[in-house]
Asks: 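Structure below; questions to follow.
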Amino acid sequence: QVQLVESGGGLVQAGGSLRVSCRFSGGLFSSYAMAWFRQAPGKEREFVAAINWSGTSRSNADSVKGRFTIFSDNAKNTVYLQMNSLKPEDTAVYYCAGQYARAGDSNWSSYDHWGQGTQVTVSS
């Protein structure tokens, strides 16, 4: 049974940085593309970034380009989201997702496994 466990969320001031992590277990990490989505109160779930199984292909939402970076460590079965130059509008619950045997995309319904989420709050 694949499990995804996020960590690293918290409260940060605007302009600051934060790194969230997602630990993968219960399956073969290298068979999965991984992604981060986020959901703010009263809003729909939003794609943030994705990375393919080998880490050679990444995509970001326009709203975070140049500020957020997704990367993975296959030795640790972990995917990370480094968030720099944070803005109050980045405040949301951040979810990790795994997509089996595909390259990763921005469609949340195409992902097979989800973590429980970690809260990121950016104060102005």
Side-chain angles (χ1 to χ4, degrees):
Q1 181 81 4
V2 170
Q3 288 191 319
L4 304 176
V5 179
E6 299 98 333
S7 61
L11 174 64
V12 63
Q13 287 190 331
S17 297
L18 200 63
R19 179 181 293 180
V20 291
S21 304
C22 173
R23 179 69 188 268
F24 175 104
S25 63
L28 186 61
F29 185 59
S30 61
S31 293
Y32 284 81
M34 302 296 294
W36 288 94
F37 290 78
R38 67 186 181 186
Q39 189 164 19
K43 295 189 176 181
E44 293 186 352
R45 191 165 298 193
E46 175 189 23
F47 170 75
V48 177
I51 188 168
N52 70 342
W53 68 271
S54 63
T56 56
S57 177
R58 305 172 187 170
S59 59
N60 288 337
D62 288 343
S63 59
V64 305
K65 277 182 180 175
R67 301 188 299 122
F68 290 12
T69 302
I70 186 171
F71 63 100
S72 60
D73 185 338
N74 282 17
K76 296 182 178 180
N77 285 3
T78 301
V79 62
Y80 303 90
L81 184 69
Q82 176 66 42
M83 301 181 287
N84 299 328
S85 302
L86 281 159
K87 305 174 181 180
E89 52 263 44
D90 294 319
T91 295
V93 177
Y94 282 70
Y95 296 92
C96 171
Q99 184 187 65
Y100 178 71
R102 294 179 64 178
D105 56 58
S106 61
N107 180 6
W108 68 265
S109 66
S110 69
Y111 285 80
D112 305 291
H113 305 285
W114 291 85
Q116 81 288 350
T118 186
Q119 177 70 47
V120 172
T121 303
V122 184
S123 63
S124 56

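Since this is a predicted model, take the numbers as computed values, not measurements.
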Asks: At their closest point, which heavy atom of C22 faces which heavy atom of M34, and how far apart are they?
Replies: SG-CE, 4.3 Å
Asks: Is there a path of hydrophobic side-chain contacts, each under 4.5 Å between heavy atoms, that joins V120 and V93?
Replies: no
Asks: Does any donor atom in the side chain of T91 or E89 lie under 3.5 Å from an acceptor atom in the other side chain?
Replies: no
Asks: Nearest 0.5 Å, what's the CD-OG1 distance between Q13 and T121?
Replies: 13.0 Å
Asks: Just jot down the side-chain hydrogen bond (donor to acceptor under 3.5 Å, both in side chains) partners of R23, sequence neighbours excluded, or say none.
Replies: none
Asks: With rounding to the nearest 0.5 angstrom, report the CZ to SG distance, F37 to C96.
Replies: 10.0 Å
Asks: Please check if I51 and W36 belong to a single hydrophobic cluster, counting links between Ile, Leu, Val, Met, Phe, Trp and Tyr side chain heavy atoms closer than 4.5 Å.
Replies: yes
Asks: Verify the cluster assignment for V79 and V20: are they in a single hydrophobic cluster under the rule of side-chain heavy atoms below 4.5 Å apart?
Replies: yes
Asks: Above 12 or not: heavy atoms from other molecules or residues under 6.0 Å from CZ of F71?
Replies: yes
Asks: State whether a side-chain donor-acceptor pair under 3.5 Å links D73 with T78.
Replies: no
Asks: Between R38 and S63, does a side chain to side chain contact (heavy atoms under 4.5 Å, CB included) hold up when you go through it step by step?
Replies: CA-CA 12 Å; R38 67 186 181 186; S63 59; 3.6 Å; yes
Asks: To the nearest 0.5 Å, what is the distance between CZ on R67 and OG on S17?
Replies: 10.5 Å
Asks: Do the charged groups of D90 and K87 touch, with an N to O distance under 4.0 Å?
Replies: no
Asks: Kindly say whether V64 contributes a backbone atom to a donor-acceptor pair with the side chain of N60 at under 3.5 angstrom?
Replies: no
Asks: How close do A14 and S124 get, heavy atom to heavy atom, and via which atoms?
Replies: CB-CA, 4.3 Å
Asks: For residues G117 and E6, report the shortest heavy-atom separation together with the two atoms involved.
Replies: N-OE1, 2.9 Å
Asks: Does a side-chain heavy-atom distance below 4.5 Å link V12 with M83?
Replies: no
Asks: Following the transitive rule for hydrophobic clusters with a side-chain heavy-atom cut-off under 4.5 Å over Ile, Leu, Val, Met, Phe, Trp and Tyr, establish whether Y95 and V122 coincide in one cluster.
Replies: no
Asks: Could you check Y100 against S31 for side chain to side chain contact (heavy atoms under 4.5 Å, CB included), going step by step and ending with a plain yes or no?
Replies: CA-CA 6 Å; Y100 178 71; S31 293; 3.7 Å; yes
Asks: Would Y80 end up clustered with F29 when hydrophobic side chains under 4.5 Å apart are linked, directly or stepwise?
Replies: no
Asks: Could you pull out the closest heavy-atom pair between A92 and Q39, with the gap in Å?
Replies: CB-O, 3.5 Å
Asks: Mind checking whether L81 and V48 have side chains closer than 4.5 Å, heavy atoms only?
Replies: yes
Asks: Can you tell me how far OG of S25 sits from CG of L4, rounded to the nearest 0.5 angstrom?
Replies: 7.5 Å
Asks: Distance under 6.0 Å and angle within 45° of the ring axis: does R45 meet both against W114?
Replies: yes
Asks: Between H113 and F24, does the ring centre distance come in under 6.0 Å?
Replies: no
Asks: Working to the nearest 0.5 Å, report the span between CD of Q116 and CD of Q3.
Replies: 10.0 Å
Asks: Does Q99 use its side chain to pair, donor to acceptor, with the backbone of D112 at less than 3.5 Å?
Replies: no
Asks: Check the pair S30, N74 against side chain to side chain donor-acceptor pair (under 3.5 Å), reporting the backbone distance first and the verdict last.
Replies: CA-CA 7 Å; S30 61; N74 282 17; 5.6 Å; no
Asks: Can you label the angle between the Y94 ring and the F68 ring as parallel, tilted or perpendicular, going by 30° and 60°?
Replies: tilted
Asks: Measure the spacing between OH of Y32 and CG of N52 and express it to the nearest 0.5 Å.
Replies: 15.5 Å
Asks: I'd like to know if the side chain of Y111 and the backbone of D105 have a donor-acceptor N/O pair within less than 3.5 Å.
Replies: yes
Asks: Please name the pair of heavy atoms, one in G10 and one in L18, separated by the smallest distance, quoted to 0.1 Å.
Replies: N-CD2, 3.8 Å
